[in-house]
There are 2 protein chains.
Amino acid sequence: MPKNRREIDSGQKRTEIIDCAEKLFREGGYQATTMTALARAVGIAPNAIYWYFPSKDHVLVAVLERCHGAMIETLAGDDSLGTGLHETLRRLLARLREIKSLVDELRWRGSHSEVILEFRRSYHRRMRLLLADALKRASNSQKERELLGVAIMAVVEGALIYDSPKFPAEEIVEAAVRGLIKLENEA
Amino acid sequence: MPKNRREIDSGQKRTEIIDCAEKLFREGGYQATTMTALARAVGIAPNAIYWYFPSKDHVLVAVLERCHGAMIETLAGDDSLGTGLHETLRRLLARLREIKSLVDELRWRGSHSEVILEFRRSYHRRMRLLLADALKRASNSQKERELLGVAIMAVVEGALIYDSPKFPAEEIVEAAVRGLIKLENEA
DNA sequence: CCCTTTCTTGAATGGTGGTCAAGAAGTACA
DNA sequence: TGTACTTCTTGACCACCATTCAAGAAAGGG
């Protein structure tokens, strides 16, 4: 029984599909990118994708997994306590804005597909961990600190929705989070 | 030239379609509700809907227009200065939660359809007006007050995304907005 | 040489939002 | 009363989508 047709070919093509999908998803969005277009970009037949991924949603999850993975790793790499929460959030926003269309899809598609919902949950978990680190000293009770974390994530997500030249997401988050932290410190 | 087949029939059927659409959209979401299903619920042929609405998006806008219209009216009816910003936001959240799936669709679909985008803009405008009322005395400069308004709306939108039994949107908004206001008062 | 596993494909399926031209049903005017 | 014009309604149809299926090609092990 042969291990593989060409040893690494499988993983390589998978990666290639994810590469193309990320590019197309970013440019035109998830919904607007058809499997046919994706296949054409990769250079294979439309149905060939289904050998590598069970569904279009799974392709999206693979793309998001890579994007978010890299993002979280980068953020965690910076010593967030040293640079401060605001700087961390600023970087997070810049990163998220880059993949805004993917974030939109994730948000919306989560209420329709189980795979995506699953990913979103894990994404939230990882983000909470990341924030917990930056908030270690910012609060007293466990419950309060958790609420603070969720609130910050909500602010980030909302700010991205209302992001505009006049009111950039950074300013919105800055204002809201400053208020939140101040409140915590005084309590 | 006859004014109408049966005088009011046209508007009546239009309303009937909106009624059914609202019900179906709420139950199963926008995307999951097919035009065929909507037509069946109303009791007409699928394509008959296209005589009343140019597209499915327009049906959604009609539904949203009514929901949001009623919502904003109710909120504006209460003397928001008397009851206070927090109470207003609390009511706003309760209302929005009811039509959560529609809000989701609005958010996502806005980046795909011009009609929806248009509605979303007008919705934001109206909300800003509503908030401006409640914030009249909360801030000094025009620019600051506007940022405050956008931030509050962002918090509301984000809180709705992260709404859960453990961390209800009300608590998230409460925390974030309290911080925001405090910051403004001190500046 | 065959056999199994790994890929790849052309053709087809069911379902979608949306279109079109023809018909039914009222109303106005002759 | 008849007929023309507008308002609605419909069945048949289209292009497109994600997805499936069965059959074929490529490559290595025996």
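Below, chains carry the letters A, B, ... as their sequence lines are ordered, and counting in each starts from 1. Below, all heavy atoms of this structure are taken into account, side chains as well, without hydrogens, waters or symmetry copies.
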Round to a whole Å and report the spacing from CD of B:Gln12 to P of D:dC8. 12 Å

With Watson-Crick and G-U wobble geometry limited to distances under 3.5 Å, how should the secondary structure of DNA chain C be encoded in dot-bracket form, using | for bases paired to another strand and [ ] for crossing pairs? |||||.|||||||||||||||||.||||||

Would you please test A:Ile18 and A:Phe53 for side chain to side chain contact (heavy atoms under 4.5 Å, CB included) and show each step? CA-CA 10 Å; A:Ile18 299 180; A:Phe53 298 93; 3.8 Å; yes

Is the closest side-chain heavy-atom distance between B:Glu118 and B:Val61 below 4.5 Å? no

Inter-residue atom distance B:Gln31.CD - B:Glu105.CD, 0.5 Å rounding: 7.0 Å

What's the CD1-P distance between B:Ile49 and D:dT10, to the nearest Å? 11 Å

Could you tell me the separation between the CG atom of B:Leu60 and the P atom of C:dG18, rounded to a whole number of Å? 12 Å

What is the distance from CD1 of B:Ile44 to C1' of C:dA25, rounded to the nearest Å? 16 Å

Using the test side chain to side chain contact (heavy atoms under 4.5 Å, CB included), find all partners of A:Leu117 that sit at least two apart in sequence or belong to another chain. A:Glu114, A:Arg120, A:Arg121

For the pair B:Tyr123 and B:His68, name the ring-plane relationship: parallel under 30°, tilted 30 to 60°, perpendicular over 60°. parallel

Rounding to a whole Å, what distance do you find between B:Lys13:NZ and C:dG26:C1'? 14 Å

Whole angstrom is fine here: how far is it from CH2 in A:Trp51 over to C1' in D:dG24? 16 Å

Once you round it to whole Å, what is the distance between C1' of C:dG17 and NE2 of B:His58? 14 Å

Hey, could you give me each pair passing salt bridge (Lys or Arg N to Asp or Glu O under 4.0 Å) that has a residue in residues 56-70 of chain B? Not counting sequence neighbours. B:Asp19-B:Arg66, B:Glu22-B:Arg66, B:Asp57-B:Arg109

Polar atoms only, N or O, under 3.5 Å: list the protein pairs with nucleotides 12-17 of chain D and their distances.
unit_1 : atom_1 : unit_2  : atom_2 : d
D:dA12 : N6     : B:Asn47 : ND2    : 3.4

What nucleotide, of D:dT20, C:dT9, D:dT9, holds the atom closest to the side chain of A:Ala45? C:dT9

Side chain proximity check, B:Tyr52 to B:His58, heavy atoms < 4.5 angstrom: no

Here the distance between atom P of C:dT16 and atom OH of B:Tyr30, to the nearest Å, is 14 Å

Side-chain polar contacts of residues 34-46 of chain A - donor-acceptor pairs under 3.5 angstrom, sequence neighbours left out - could you list them?
unit_1  : atom_1 : unit_2  : atom_2 : d
A:Thr34 : OG1    : A:Thr36 : N      : 3.4
A:Thr34 : OG1    : A:Ala37 : N      : 2.9

Please tabulate, for the side chains in residues 148-166 of chain B, all donor-acceptor contacts under 3.5 angstrom to protein atoms that are two or more places apart in sequence or on a different chain.
unit_1   : atom_1 : unit_2   : atom_2 : d
B:Glu157 : OE1    : A:Tyr162 : OH     : 2.9
B:Glu157 : OE2    : B:Arg107 : NH1    : 3.2
B:Tyr162 : OH     : A:His124 : NE2    : 3.4
B:Tyr162 : OH     : A:Glu157 : OE1    : 2.9
B:Asp163 : OD1    : B:Arg97  : NH1    : 2.9
B:Asp163 : OD1    : B:Ala169 : N      : 2.8
B:Asp163 : OD2    : B:Arg97  : NH1    : 2.4
B:Ser164 : OG     : B:Phe167 : N      : 3.1
B:Lys166 : NZ     : A:Glu146 : OE1    : 3.0

For D:dT9 and B:Tyr52 - does any side-chain N or O of the residue sit under 4.0 Å from the phosphate oxygens OP1/OP2? yes

Give A:Ala48 one of three labels, base, sugar-phosphate or nothing, depending on what nucleic acid heavy atoms sit under 4.0 Å from its own. base

